[in-house]
Amino acid sequence: GNNPISWKLRRFFSSNEKHLPAISDPEIESAFKDLLAASWNELPDSLVAEAKKAVSKATDDNAGQEALKNVFRAAEACEEFSGTLVTLRMALDDLCGLTGENVGPLPGYIEDAVKASYNRYMTYLESFGPEENYLRKKVETELGTKMIHLKMRCSGIGSEWGKISLIGTSGISGSYVELRA
């Protein structure tokens with residue numbers, strides 16, 4: 001622990017980076033952290049109620065309330081977009097068959113839907129500012145898996161799909177999985 005050599009070998013991760021916004025109201029902070037910890041595939045009603053209550057309460061912590069609003073909006077958007085991506089993946093599965101016995105060219109409407117989903121996903125990620133890096137990472141984690149599921153079911157898609165990653169956003173830089181992505 002206190003050995004000078006071990007101090008030199010330690011790696012400090014993001015030591016000068018501010019990860020989460022400062023929130024002084026405990027109720028807002030609790031709702032904020034609960035939202036970030038939850039899966040955004042299907043938000044529990046109790047969590048939605050907690051967030052709505054904290055967003056609408058009278059407080060002096062306007063910055064914290066705004067941060068909670070942003071996370072809540074992102075969670076609702078991800079929940080809705082997740083449903084769209086799962087539906088699209090299921091349509092691809094139906095076309096290909098359970099074991100891939102019906103693999104063939106995609107119908108135009110499915111190809112257009114896959115391209116549109118990619119464009120919307122990337123546009124949404126680019127909308128986050130540098131101070132919202134924590135929120136961008138959460139969105140990438142929540143939606144990136146579903147985007148990769150689409151990518152795995154389509155051949156001949158553009159090289160731009162290589163920008164979609166999961167592990168690269170978690171801070172495990174250089175891992176085998178990230179290199180494979």
Student: Nearest heavy-atom pair of Leu68 and Ala54: which atoms, and what distance?
Tutor: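 Minimum heavy-atom separation between Leu68 and Ala54: CD2-CB, 3.5 Å.
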Student: If you compare all heavy atoms of Pro107 against all heavy atoms of Leu95, which two are closest, and at what distance to 0.1 Å?
Tutor: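 Heavy-atom minimum between the residues: CD-CD1, 3.7 Å.
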Student: Calculate, to the nearest 0.5 Å, the distance between atoms CG and CG belonging to Leu47 and Leu35 respectively.
Tutor: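 Answer for the CG-CG pair, Leu47 versus Leu35, is 4.5 Å.
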Student: Measuring from atom OG1 of Thr59 to atom CD1 of Ile28, what distance do you get when rounded to the nearest 0.5 angstrom?
Tutor: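 If I round to the nearest 0.5 Å, the distance is 4.5 Å.
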Student: With rounding to the nearest 0.5 angstrom, report the CZ to CD distance, Phe72 to Glu50.
Tutor: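 Here the rounded value is 10.5 Å.
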Student: Atom CD in Glu131, atom CG in Asn133: separation rounded to 0.5 Å?
Tutor: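 So the CD of Glu131 and the CG of Asn133 are separated by 9.5 Å.
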Student: Do other residues, nucleotides or ligands put more than 12 heavy atoms under 6.0 Å from Asp94 CG?
Tutor: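 More than 12 heavy atoms, drawn from other residues, nucleotides or ligands, come within 6.0 Å of this atom.
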Student: Leu36 and Lys138: side-chain contact (heavy atoms from CB on, under 4.5 Å), yes or no, with the steps?
Tutor: CA-CA 7 Å; Leu36 285 179; Lys138 177 66 174 172; 4.3 Å; yes
Student: Might you point out which heavy atoms bring Ala31 and Ala51 nearest each other, and give the distance in Å?
Tutor: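 Looking at all heavy atoms of both residues, the shortest contact is CB-CA, 4.2 Å.
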Student: Assess whether atom NZ of Lys57 is packed by more than 12 heavy atoms of other residues, nucleotides or ligands within 6.0 Å.
Tutor: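 Buried by this count: over 12 neighbours within 6.0 Å.
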Student: Pick one: which of Lys115, Arg120, Met122 meets side chain to side chain contact (heavy atoms under 4.5 Å, CB included) with Tyr118?
Tutor: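 It is Met122; the other options fail the test.
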Student: Using the rule given for side-chain contact (heavy atoms from CB on, under 4.5 Å), can you reason through Tyr121 versus Glu140, listing the C-alpha separation, both sets of side-chain angles and the distance that settles it, and then say yes or no?
Tutor: CA-CA 9 Å; Tyr121 173 74; Glu140 282 180 315; 3.9 Å; yes
Student: So, for Val114 and Ser117, which heavy atoms are closest and what is the spacing to 0.1 Å?
Tutor: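 Closest approach of Val114 to Ser117, heavy atoms only: O-OG, 2.7 Å.
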Student: If I take atom SG from residue Cys96 and atom CG from residue Leu106, how far apart are they, to the nearest 0.5 angstrom?
Tutor: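 Separation between the atoms: 7.0 Å.
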Student: Once rounded to the nearest 0.5 Å, what's the spacing between atom CG of Leu150 and atom OG1 of Thr145?
Tutor: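 Between atom CG of Leu150 and atom OG1 of Thr145 there are 11.5 Å.
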Student: Report, one line per pair, each donor and acceptor closer than 3.5 Å where one atom sits in a side chain of residues 75-86; sequence neighbours left out.
Tutor:
unit_1	atom_1	unit_2	atom_2	d
Glu79	OE2	Leu43	N	2.9
Ser82	OG	Cys78	O	2.8
Thr84	OG1	Glu80	O	3.4

Student: Is the closest side-chain heavy-atom distance between Asp60 and Asp25 below 4.5 Å?
Tutor: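 Contact flag for Asp60/Asp25 side chains = no.
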Student: Determine, stepwise, if the pair Asn41 / Lys146 fulfils side-chain contact (heavy atoms from CB on, under 4.5 Å).
Tutor: CA-CA 10 Å; Asn41 291 330; Lys146 291 166 187 64; 2.6 Å; yes
Student: Which heavy atom in Trp40 sits nearest to a heavy atom in Glu142, and how many Å separate them?
Tutor: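 Where Trp40 meets Glu142 most closely, the heavy atoms are N-OE1, 3.0 Å.
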Student: Check side chain to side chain contact (heavy atoms under 4.5 Å, CB included) between Arg73 and all other residues, then give those that pass, not counting sequence neighbours.
Tutor: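 So Arg73 forms a side chain to side chain contact (heavy atoms under 4.5 Å, CB included) with Glu66, Lys69, Asn70.
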